[in-house]
Amino acid sequence: MLDPRTLAERRDEVAASVRRRGMTADVDSAVAAYQEAARLRTAVGEVNRLRNEHQKSGSRKLAPAEREAHADEGRRLKDDVVRLEAELAAAEDRLHATLRLLPNLLHPDVPDGGEDDARELRRWGEPRRFDFPPLDHVELGRRLDLLDFEAGTRVAGPKFYFLKHEAVLLDLALQRLALELLRGEGFELVTTPDLAKAEIVDSLGYNPRGPETQIYSIADSDLCLIGTAEIPLGGLFAGETLEEAVLPVKLAGLSHCFRTEAGSYGRESKGLYRVHQFSKVEMFVATRPEDSDAMHEQLLALEERYFQALELPYRVLDIAAGDLGAPAYRKFDLEAWMPGRGDGGSYGEVTSASNCTDYQARRLDARFRRAGAKRSEHLHLLNGTAVATSRALIAVLENHQRADGGIAVPEVLVPFTGIDRIDPR
RNA sequence: GGAGAGGUGGCCGAGCGGUCGAAGGCAGCGGUCUUGAAAACCGCCAGGCGCGAAAGCGUCUCGAGGGUUCGAAUCCCUCCCUCUCCGCCA
């Protein structure tokens, strides 16, 4: 949610953000709704003041006739308050309804365009030249008995899967490596609930319901399966006011993630790439406003370190305006090289890091207070994937496959897997 | 699931329907004293919103929502949550 007070001041910037993101929200009606609500807030305050004065005057002894007149006047003032408060509540509802349709502002460097217009910032590593025909992870998983999609479909439906044998070790090792990296960088390790209230989901800017939702809801409750640990980690800050001295707060959250993938069945969805459930270690950070851009770069750097450690070539994208979620001010994606993807390999998204500035914090009412300051301010919240194990697994299996059909386990994972290779069966 | 108790400021804990955003204590902050510290003493100390350069002024908030009343932390109703005991259980 944007700050309504600065909405009017930065009206053109907000309108530009809406346009560049390809949205159709009405900025001017939001401004008008804010002004109307502000007017009524002032009016309610004024009539409340009159009523309070009147009540104070009634605390002394009054003659019966006086008391009667006093009570009449009191009832009249009460009617005024009730009426104006109802008007204010309606105006605030309208304000909220228009405001929630507006996306965050945009970082000045965000490229124009949509999905295909991301700016490539850099590449790391050379896609490997195979001296044998490389297999994709689905085929590797089948031959090595690491992945069972048929069983997943039988038990839970399409896009569910069983990990088997060494894939289980790899999955856990990828998580452990991420936790170890982040622990060394001062992140607090947490595991989160895998469910969250719809209200929390909504506060983070995700749509918990509706035909196009990516979020599963639990029947007969207001709970949802989380699509990312960003949701419970953001919820952790709801209603909190932190001391400036504790910032930045850096969390590394481990959770399962669930996505309906509604409307995505036509897209690249082979094997583990687009599944309904996976595990993820998520970085979530709360900073002062002036620190969030630098922290965003740091989150990206950590993601790069992780994939470098796994010896996986990747490229870094600065995502274009039309491909950003509403809360994101700017987003970087890492795409790892996947030899089995498309025809002859291609880069596929493995992580992303977003700076959501104060957009989520305002809805969550997540604040901090500067040392000595009277009033608090909203935090800036950022999130980034350390590892989503399903997609990282694709990259590991496909990039580190061997001529004999086995897999070489990246050296950094060996302490966690206890094995250094997966041999053909 | 059954029985009981309770929700007040960072914490503990008072609060005859008006003088209560709220005693007292602890913690915290500032000061006096001290070589330094402790102790003692003095002062400050909930938050949101609005107006204001600021000082400040106004308003709202005592789990949430409704009701009674000229006036509710206080009385009534509904809901939520927490704790204790019992049962079940990884």
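Per chain, numbering begins at 1; letters A, B, ... match sequence-line order. Owing to the predicted nature of the structure, the values given are computational and were not obtained by experimental measurement.
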D109(A)/R119(A) under salt bridge (charged side-chain N to carboxylate O under 4.0 Å, His left out): CA gap, chis, key distance, verdict = CA-CA 10 Å; D109(A) 293 344; R119(A) 178 185 297 128; 5.8 Å; no

In terms of side-chain heavy atoms of N48(A), which of C51(B), C60(B), G47(B) is nearest?
-> C60(B)

Let me know, please, whether H378(A) or G45(A) comes out on the 5' side of the other along RNA chain B by nearest nucleotide.
-> H378(A)

Separation between the C1' atoms of G58(B) and G52(B), rounded to whole Å | 12 Å

Protein-nucleotide distance (R362(A), atom CZ; G48(B), atom C1'), rounded to Å | 14 Å

Using the P atom on both, measure A23(B) against U34(B) and round to a whole Å.
-> 34 Å

Whole angstrom value for the distance that separates P of G10(B) from CD of E243(A) = 11 Å

Output yes when at least one side-chain N/O atom of R41(A) is less than 4.0 Å from OP1 or OP2 of U59(B), else no.
-> no

Does a donor on one side chain and an acceptor on the other come within less than 3.5 Å for E185(A) and Q298(A)?
-> no

Report yes if at least one side-chain N or O of N52(A) is closer than 4.0 Å to OP1 or OP2 of C70(B); otherwise report no.
-> no

What's the closest nucleotide to the R49(A) side chain, out of C70(B), U59(B), U69(B)?
-> U59(B)

Gap in Å between the two P atoms, one belonging to G50(B) and one to G31(B), rounded = 33 Å

Does D202(A) come within less than 4.0 Å of R100(A), counting only side-chain N to carboxylate O?
-> yes

Inter-nucleotide C1' distance (C79(B), C85(B)), Å rounded = 25 Å

Does R370(A) come within less than 4.0 Å of E290(A), counting only side-chain N to carboxylate O?
-> yes

From the candidates C51(B), C70(B), U69(B), the one with an atom nearest any side-chain atom of K78(A) is U69(B)

Phosphate contact (C49(B) OP1 or OP2) by R367(A) side-chain N/O below 4.0 Å | yes

Please measure how far the C1' atom in A53(B) lies from the corresponding atom in G47(B), and state the result in whole Å.
-> 24 Å

RNA chain B: T42(A) or R51(A), which has the more 5' nearest nucleotide?
-> T42(A)

For G18(B) and U69(B), measure between their C1' atoms and round to the nearest Å.
-> 12 Å

Of C51(B), U68(B), G47(B), the nucleotide closest to the side chain of S376(A) is G47(B)

So what's C51(B) paired with, Watson-Crick or G-U wobble, going by both distances under 3.5 Å?
-> G56(B)

Take atom P in A22(B) and the same atom in C60(B), then report the distance between them in whole Å.
-> 14 Å

Whether F149(A) and H137(A) hold their rings parallel, tilted or perpendicular, with breakpoints at 30° and 60° = perpendicular

Which is true for R5(A) with a 4.0 Å heavy-atom rule: it touches a base, it touches only sugar-phosphate, or it touches nothing?
-> sugar-phosphate

Salt-bridged, D423(A) to R402(A), with N to O below 4.0 Å?
-> yes

Pairwise C1' distance, G67(B) and A14(B) [rounded to whole Å] | 27 Å

